[in-house]
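One structure, pasted below without further comment.
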Amino acid sequence: MENNELPDSPAGAWARLRVRYEVLKLRFSLDPDEVPREGDFRETIRRRKVARFFLTLGILVLVSLLAFFPGRAAWHAYDSRARARGALALLARGDLRDAWEAARSAATIYPQAAPTAHALAVVAARTERWDRAVQAWDDFAQTGASFTGEDRASRVEALLAVGNAPAALRELDLARGAHPVEPPPHALLRARAISSTGDSAGACAALIRLLGEAATAPADRLAAIQQVIALREATPESLRLSSRELARLARGQGPVALAALRVASRAAAIEAAADPDFAEPLAPVEIARLLRAHPDSGFSPRLLALEMEILADPGAKDDAIVRAISEQRREATTDSLGLLAAWLAARREPGRVLDIVNQARAKESPMLAEARLDALIAVGKLREARLEVESQRYPIDPMLEQAFYARLLDANGESETARARWGLALKKAGTERPKLRRLAEIAREAGAEETAEAAGARVSALDRGWRGGTE
């Protein structure tokens, strides 16, 4: 049977393929018995050798290409996962900047991997890149990976931060499913979401339910109380309940009690301007006593205790300041000196700041350097402040250095030069949100509203820029 007469069946197709293979093999054979003797025998052998070489090379290239793309994708997936793990490790160590760079690098290499999207979402949330966190959690969901309760809470947090309360509520409903009682972290987020929609009464009801459950942990109770205090239109019932719960927590032990005392001190400080339905949970004198008696009370709580004593008796301010300075000398640490300097600055005591923070001490930490320069400007020692800034002897951030220059120039009436320095400070802040927010705060306090608005606008632009691919 001829080749073209082979039956049209799988067996026939295989037979035709074998025939073609034998013909091709014969055509490229270098066996002298299989090479035609007509014509130039040597030239035929040479052409067949060249043809076999290029055929072999072509097959090798084809096989390499077929192996390259899957291998390249596998390598990128592996590299991306490794970078994602590194980003989470950096985050755990508190290295936020490098963690973000590693997470973004991992997402650039292979964004489809679930570990990569997860790491990017977690790091973006911790570094307050909320729009990116929302998008990264969406990408993580598209991979088909399952969310943990902590993941779900982080996603809701990001949605609330970008102002998408309805989506946050839908996410919480999805997480709760058929369970009537949701975990306290989700309940707290639900109250925030409800409040964001303008329903203060609904938010209060959710928080009251949480406070009314005996199983609610102390830390979650304190978080609920803080939310009630923050509500603009909290119900009288929720305010009274929060006041009683806050007093009970503050009289306890451990870190939650200390945190509750801090909240109670803030409530006492604004009590005159607060809603009258929110009864002062503890008197300032009792807050001071509890702060001093707390077993974990360090220098910062003792400063807060002195502040409460001043609140109870404004005439005792000078005595409290002397005691604070004396207590810090017993501590004799750089951190405690920085806390004291910040506390004195808040009490409008720049002269005392200069008494305790000389040039030598200012070199020890950025907090002390900033406190000294702030105090010099506050007391009008502008020339001395400028000389110390120009000496670059203090460990302050380049952005802060330019901001100090700008403040000094503004104080001297050199507004045009100061504007240029504010611009340099904005440039040094770059795209780092914490620096931009800090610059906005400094500029606003110095009266440089233009710079404050520019820094705030840059933060907003960075948040909006994720979907457009900026940053």
Side-chain angles (χ1 to χ4, degrees), residues 218 221-232 234 236 238-331 335-357 367 371 374-375 378-379 441 445:
R221 288 181 179 279
L222 183 58
I225 291 167
Q226 290 176 284
Q227 282 198 37
V228 171
I229 296 173
L231 286 173
R232 292 183 178 180
S238 66
L239 287 169
R240 286 192 291 270
L241 176 61
S242 297
S243 179
R244 290 195 302 270
E245 282 292 308
L246 183 57
R248 188 179 66 81
L249 290 173
R251 293 188 178 102
Q253 298 292 322
V256 174
L258 195 56
L261 284 168
R262 292 183 183 280
V263 175
S265 67
R266 288 195 295 271
I270 63 171
E271 189 271 335
D275 192 312
D277 289 312
F278 185 78
E280 185 180 294
L282 294 170
V285 173
E286 186 177 2
I287 295 173
R289 181 184 65 78
L290 291 170
L291 282 167
R292 290 188 179 282
H294 196 283
D296 297 332
S297 183
F299 186 66
S300 177
R302 294 203 298 275
L303 283 178
L304 186 56
L306 290 169
E307 189 173 335
M308 290 296 99
E309 291 173 5
I310 295 172
L311 184 64
D313 180 10
K317 177 181 176 181
D318 288 340
D319 180 56
I321 288 174
V322 171
R323 287 167 59 195
I325 294 172
S326 176
E327 289 193 21
Q328 191 282 320
R329 285 174 179 162
R330 284 198 297 270
E331 290 275 330
D335 289 343
S336 66
L337 185 60
L339 290 171
L340 176 60
W343 186 78
L344 290 171
R347 307 277 79 71
R348 308 294 184 193
E349 295 285 345
R352 293 183 187 267
V353 172
L354 293 177
D355 289 341
I356 63 171
V357 185
M367 180 183 286
D374 275 331
V379 298
E441 179 186 344
E445 290 177 357

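These values consider heavy atoms only, across backbone and side chains, with no hydrogens, waters or symmetry-generated copies.
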Before giving the answer on side-chain contact (heavy atoms from CB on, under 4.5 Å), spell out for Ser238 and Gln227 the whole-Å C-alpha distance, their side-chain angles and the decisive distance to 0.1 Å.
-> CA-CA 10 Å; Ser238 66; Gln227 282 198 37; over 6 Å; no
Nearest-0.5 Å distance, CG of residue Leu340 to CD1 of residue Ile356 = 4.0 Å
With rounding to the nearest 0.5 Å, note down the distance linking CE in Met308 to CG in Leu290.
-> 12.0 Å
Could you tell me which non-hydrogen atom of Ala345 sits nearest to which non-hydrogen atom of Val353, and how far apart they are?
-> N-CG2, 4.0 Å
How far does CZ of Arg292 sit from CG of Leu304, to the nearest 0.5 angstrom?
-> 10.0 Å
Chi angles and distances behind the side-chain contact (heavy atoms from CB on, under 4.5 Å) call for Asp335, Phe299 | CA-CA 9 Å; Asp335 289 343; Phe299 186 66; over 6 Å; no
Roughly how far, to the nearest 0.5 Å, is CG of Leu261 from CZ of Arg251?
-> 10.0 Å
Nearest non-hydrogen partners of Gly254 and His294, listed with the distance = O-NE2, 2.9 Å
Can you tell me how far CG of Leu291 sits from CG of Leu306, rounded to the nearest 0.5 angstrom?
-> 10.0 Å
Kindly determine whether Arg262 and Arg266 satisfy side-chain contact (heavy atoms from CB on, under 4.5 Å), including the steps that lead there.
-> CA-CA 6 Å; Arg262 292 183 183 280; Arg266 288 195 295 271; 4.2 Å; yes
Please report the closest heavy-atom contact between Trp343 and Ala324, naming both atoms and the distance.
-> CZ3-CB, 3.8 Å
What is the minimum heavy-atom distance between Pro350 and Ala378, and which atoms define it?
-> CB-CB, 3.8 Å
Where do Ala288 and Glu309 come nearest, in terms of heavy atoms and distance?
-> CB-CG, 3.9 Å
What's the verdict on side-chain contact (heavy atoms from CB on, under 4.5 Å) for Glu307 and Arg347, showing C-alpha distance, side-chain angles and the deciding distance?
-> CA-CA 9 Å; Glu307 189 173 335; Arg347 307 277 79 71; 3.8 Å; yes
Roughly how far apart are Gln328 CD and Glu331 CD, rounded to 0.5 Å?
-> 7.5 Å
Where is the tightest heavy-atom contact between Leu246 and Ile225, given as atom of each residue plus distance?
-> N-CD1, 3.6 Å
Is it true that atom CZ of Arg329 has more than 12 heavy atoms of other residues, nucleotides or ligands lying nearer than 6.0 Å?
-> no
